[in-house]
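Take a look at the structure below.
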Amino acid sequence: MLEHGGRRRAAARRYGIPEADWLDLSTGISPHAYPVPAIAAEDWLRLPEDDDGLLDAATAYYGTARLVALAGSQQAIQGLPFLLPRGRVGVLAPTYAEHPHHWQRAGHEVIRFAAAALPAVADTLDTLVVCQPNNPDAGCIAPAVLIDVAERLQAREGHLVVDEAFIDATPEASVITLAGARLPNLIVLRSLGKFFGLAGARVGFVAARPDLLTALREAAGPWPLCGPARTVARRALADTAWQDVMRRTLAEASARLARLLAPLDPQGARRVNPLFVWLPTPAAESIAAALARQGILVRHFAAPDCQGLRFGLPGAENDWQRLEAAIRALTGPATRNDSGATA
C-alpha cells in the first residue's frame, strides 16, 4: 500500500512527541470541515437507499446528472483501470501516486510525462490521466487544453480521466459538465474529502457516459456509501451559502500561508492551491525533519522529479502562530512575520 499524508501516529512514535501535540499539515484537507449535523438514529438503523436525494444535490452542485456516487474517488481510481481497454496510459509526473500504481496493477503500460509535454504526448496514448489542479505541485492545465486533448483522444477512441479532487475552491476550472455528453470519452472524478473537509466520510462521485457509470456502480456492489455519510454529503452539497464563505476563507488562508513560507523560498518557486502550498526545494528532507522535531507534520516528497514539501492550511490562530514560530526558528531572527513586520 502506498504512503499518504496524515500519518500522525507514526510521526509521534518516531519523534517521541505525543500524538495530541502535533500540528498536522500533511494532507491538504481543509481544516474548516463542513459542520456535520446531528445524525438521525434511522440513518444508522436502516440500509441506505439511492433515492434519498443525494444524487439530486450532487446534480445541482456539479451541473450534471451523469453521476455515480462511490466510497470516495479512491474507489474509482482503483476500479477504472479494469474497466477501460488495456493500453498505453499517460500520467503526469509528478502526480498523485495512486493513479499510476493502479493502472500498472491492471496491466496497462504507464508512461510518465511533464505537463509541458502534454500536447505532444497525447496523440501517443490510449488513456490520459491528469489531476486538475495537480497534487502535489498545484499545477493547473487550462480547461481549453484539456478539451482539445479529449477531442483528439476521442477521435482515436481514447479516454481522458481528470481527477478534480482539489478543484472545488475554483469550480470555474472544472470540465465536469462535459463528461459523458459533449465528450463521451471524458471521465471526471470528484471528492468531498478536501474542500468540504469530510475525508472520513469517504464520499466521491464520477461523471462519465452511462455505460461506464453502470459498470462502476456494479463493481462497487450494494451500499457503497453508508447512510450517515449520504446524509452529511447531501446537506454539504446543497449548502451554497457555506460553500461561498469557504471559498473566500480558503483563498485568504492559502495566500497567508504562501506569505508565511516566503523565508523558506528565496527563489519564489512555491505554488499556491486554495488548500495547500507546494514548496519545491532540495532542502525538503531537512526542513521536514526540523519541523517534525517541533511537532509540525508536513508532507515530504523525495522523488527525483518531485523534491519538495506540501503544506496544508493551519486552522486555528494558535496553529498559525505555531507554524510562524517554527519557521522563524529555522530561518533566523530576521524572518518577517505575516503582518510584514520584522520579527
Side-chain angles (χ1 to χ4, degrees), residues 29-77 79-80 132 162-183 186-210 212-250 274-275:
I29 296 168
S30 173
H32 309 293
Y34 183 76
V36 176
I39 303 297
E42 185 178 66
D43 286 339
W44 296 105
L45 291 169
R46 295 183 57 182
L47 290 171
E49 300 181 61
D50 288 340
D51 58 354
D52 60 356
L54 175 59
L55 280 179
D56 293 334
T59 294
Y61 179 78
Y62 294 118
T64 177
R66 295 174 293 276
L67 297 166
V68 64
L70 298 174
S73 53
Q74 181 67 28
Q75 193 167 33
I77 291 171
L80 273 173
Q132 171 80 341
V162 182
D163 183 345
E164 294 184 342
F166 283 99
I167 211 166
D168 293 78
T170 54
E172 65 278 2
S174 174
V175 293
I176 193 169
T177 60
L178 305 178
R182 173 181 162 187
L183 296 172
L186 174 63
I187 304 163
V188 177
L189 281 53
R190 296 294 288 263
S191 168
L192 268 69
K194 305 299 190 297
F195 173 77
F196 290 96
L198 295 174
R202 307 308 305 138
V203 179
F205 292 88
V206 176
R209 64 179 186 265
L212 273 175
L213 296 180
T214 299
L216 282 166
R217 186 65 182 86
E218 290 295 322
W223 317 298
L225 299 180
C226 70
R230 294 182 69 95
T231 294
V232 174
R234 184 176 67 248
R235 297 192 186 186
L237 289 168
D239 196 339
T240 55
W242 182 90
Q243 295 158 19
D244 290 342
V245 170
M246 192 49 53
R247 289 190 179 102
R248 292 193 296 271
T249 298
L250 294 175
L275 287 159

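Computed from a predicted structure; not experimentally measured.
- A donor-acceptor pair under 3.5 Å links the side-chain atoms of R66 to the main chain of T177, judged by distance alone.
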Practice prompt. Kindly determine whether L237 and F205 satisfy side chain to side chain contact (heavy atoms under 4.5 Å, CB included), including the steps that lead there.
Written response: CA-CA 12 Å; L237 289 168; F205 292 88; 4.0 Å; yes
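- Nearest heavy atoms, G193 versus I29: O-CG2, 3.4 Å.
- No donor-acceptor distance shorter than 3.5 angstrom exists from the side chain of R209 to the backbone of L213, with no hydrogens or angles considered.
- Counting only heavy atoms from C-beta outward, the side chains of D52 and T231 never approach each other to under 4.5 Å.
- D244 contributes atom CG, which lies 10.5 Å from atom OG1 of T249 (distance to the nearest 0.5 angstrom).
- The shortest heavy-atom contact between A229 and A201 is CB-O, 3.6 Å.
- Side chains of I176 and I167 form no contact here, defined as non-hydrogen atoms less than 4.5 Å apart.
- Inter-residue side-chain proximity for P224 and R202 is flagged as unmet; no heavy-atom pair is nearer than 4.5 Å.
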(Q) Run R190 and D168 through salt bridge (Lys or Arg N to Asp or Glu O under 4.0 Å) and show every step you take. (A) CA-CA 9 Å; R190 296 294 288 263; D168 293 78; 3.1 Å; yes
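- Atoms OH and CE, on Y34 and M246 in that order, are 11.0 Å from each other to the nearest 0.5 Å.
- The structure places CG of L225 at 5.5 Å from CZ of R230, a figure rounded to the nearest 0.5 Å.
- V36 places a side-chain heavy atom less than 4.5 Å from the side chain of L198.
- The backbone N or O of V203 sits nowhere less than 3.5 Å from a side-chain atom of Q75 that would complete a donor-acceptor pair.
- Nearest heavy-atom pair across Q243 and F195 is O-CZ, 3.7 Å.
- One distance of note links CG of L192 with CZ of R234; it measures 12.5 Å at 0.5 Å rounding.
- Applying the salt bridge (charged side-chain N to carboxylate O under 4.0 Å, His left out) criterion to E49, with sequence neighbours excluded, gives R46.
- Side-chain contact between P37 and V232 is present, with heavy atoms from C-beta onward closer than 4.5 Å.
- The heavy-atom pair separating T59 from L67 by the smallest distance is N-CD1, 3.9 Å.
- Heavy-atom minimum distance, A207 versus T64: CB-CG2, 4.4 Å.
- A donor-acceptor pair is defined here as one N or O able to donate and one able to accept, closer than 3.5 Å; no such pair exists between the side chain of R182 and the backbone of A179.
- To the nearest 0.5 Å, the span separating OG1 on T170 from CZ on R247 amounts to 8.5 Å.
- How far CD1 of I187 is from CG of L80: 5.0 Å, rounded to the nearest 0.5 Å.
- A parallel orientation is assigned to the rings of F196 and W242, their planes being inclined by less than 30° (bins at 30° and 60°).
- Under the 4.5 Å side-chain criterion, counting only non-hydrogen atoms from C-beta, D50 is not in contact with L55.
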